[in-house]
Amino acid sequence: MGPFPEPKDLQTAMALQRSLAERVVLEGSLEGVRRIAALDASHRRGKPLVAVAVLYHLEKGLLCVGLGVVPEEALFPYIPGFLSFREAPAYLEALKNLPEPPEALLVDGQGIAHPRGLGIASHLGVHLDLPSIGVAKSLLYGRLEAPLPLEAGSAVRILSPEGRPLGYAYRSRKGVKPLFISPGHRVGLEEALAFVKHLPTRFRLPEPLRLAHLEAGKALRQLDP
DNA sequence: GCGACAG
DNA sequence: ATCTTGTCGC
C-alpha cells in the first residue's frame, strides 16, 4: 500500500484529501466480520502521541493491544479537518504491532462526514484498503435531519449542506450524548450504523473503542510518571 | 467578514 | 486530546 504521504502544507493536504475521497467506496456489508481493530489516541502537549490499536473479536472480546508512538516534533499540528495527517501515522505503527491483521477498522473520528469527504476513518480505510467506520464523539461537518430522540438506540441522519446523507447521530445509551457514525470505506451508510449497533456497549462508547481509549490513556501515563 | 471547528 | 474533586443523577 506504500508509505503514508505527509503533505508539506494545507493546500497540498487538501488536494490529497479530495483525490483520495474519490476512491472511497460507500457500499458493503460487514456481516461475517468478527475480528476488528479499534483505534484511539491520547497525548499531552510536549509529549509523544500514543496511538493504540485494540484487536477485538466480536465473540472472544479483547485479543491484544498494539502501540504506536510518534514524537511531538514529528507531528502534523491538529487542525480541524486534517486530523488524519496527525494521527494516522501513529495508528499505522500500532496496527503493525498486532499479531494478525483485522478484517475491519473502527476509528475514533469521522468517516465521510467531513468537509472533503475524507475523515480519518476513510483515509485509513482507503490507505489500507480495509472496510472502516468512523465513530466520533462530536460533529465536524453537516447537520442533523431532525432532533435526536432521547431513547437508547435512536438515530437520525447527518446531512451535508446540500442534503446528502453522510451518516447518523446515534444514541448508544439513555442519558448520554450522541455518537456520530459515518462510513469510512467499503461499507454502506445503513450497514455502518447496523454494525455499530450490534457491538457490545456497556457505556457511551462501543466496548472495542472504550478499551482502546483506556489503553491509550494507560500507555500515555506510563511514558514518564 | 462572521461563525464553525473530529482529536 | 489534556489539565482535575467532588458532585448530581439514573
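Not measured: the values here are computed from a predicted model. In what follows, chains carry the letters A, B, and so on, assigned in the order in which the sequence lines appear, proteins first and then strands, with residues in each chain numbered from 1.
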> For the side chain of P80(A), starting at C-beta, report the closest nucleotide among dT2(C), dG7(B), dC5(B).
dC5(B)
> Looking at K137(A), does any N or O in its side chain come under 4.0 Å of the phosphate oxygens OP1/OP2 on dG7(B)?
yes
> Output the rounded distance in Å from CZ (R86(A)) to C1' (dC5(B)).
15 Å
> Just the rounded figure in Å: distance from C1' of dA1(C) to CG of L39(A).
16 Å
> Figure out the CZ/C1' separation between F85(A) and dA1(C), and round it to whole Å.
19 Å
> What integer distance in Å separates L124(A):CG from dA6(B):P?
18 Å
> With a 4.0 Å cut-off on heavy atoms, is I120(A) in touch with a base, just the backbone sugar-phosphate, or nothing at all?
base
> Across the strands shown, which category fits G175(A) at heavy-atom distances under 4.0 angstrom: base, sugar-phosphate, nothing?
nothing
> Name the residue closer to the 5' end of DNA chain C, choosing between K174(A) and D40(A) according to the nucleotide with the nearest heavy atom.
D40(A)
> Would you indicate, yes or no, if dC5(B) has its OP1 or OP2 atom less than 4.0 angstrom from a side-chain nitrogen or oxygen of S138(A)?
no
> Answer with base, sugar-phosphate or nothing: what part of the nucleic acid does G81(A) contact at a heavy-atom distance below 4.0 Å?
base
> Check whether the aromatic ring of Y78(A) stacks on the base of dA1(C), taking stacking as ring centres less than 5.5 Å apart and planes within 30° of each other.
no
> Would you find more than 12 non-hydrogen atoms of other residues, nucleotides or ligands less than 6.0 Å from H57(A) atom NE2?
yes
> Is Y91(A) touching bases, backbone alone, or none of the nucleic acid, heavy atoms closer than 4.0 Å?
nothing
> Using a 4.0 Å heavy-atom cut-off, does H213(A) contact any base of the nucleic acid, only the sugar-phosphate backbone, or nothing at all?
sugar-phosphate
> To the nearest Å, how far apart are H43(A) NE2 and dA6(B) C1'?
11 Å
> To the nearest 0.5 Å, what is the distance between CG (L39(A)) and CG (L106(A))?
8.5 Å
> Kindly state whether the ring of F82(A) and the ring of H114(A) have centres lying under 6.0 angstrom apart.
no
> Is any side-chain heavy atom of D129(A) less than 4.5 Å from a side-chain heavy atom of V126(A)?
no
> Rounded to the nearest Å, what distance is computed from the CZ atom of residue R204(A) to the P atom of nucleotide dG9(C)?
20 Å
> Please determine whether a side-chain nitrogen of the Lys or Arg among E103(A) and R34(A) lies less than 4.0 Å from a carboxylate oxygen of the Asp or Glu.
no
> K177(A) has an atom NZ; how far is it from atom C1' of dA6(B), in whole Å?
13 Å
> Atom CZ of F82(A) to atom C1' of dA1(C): distance rounded to whole Å?
19 Å
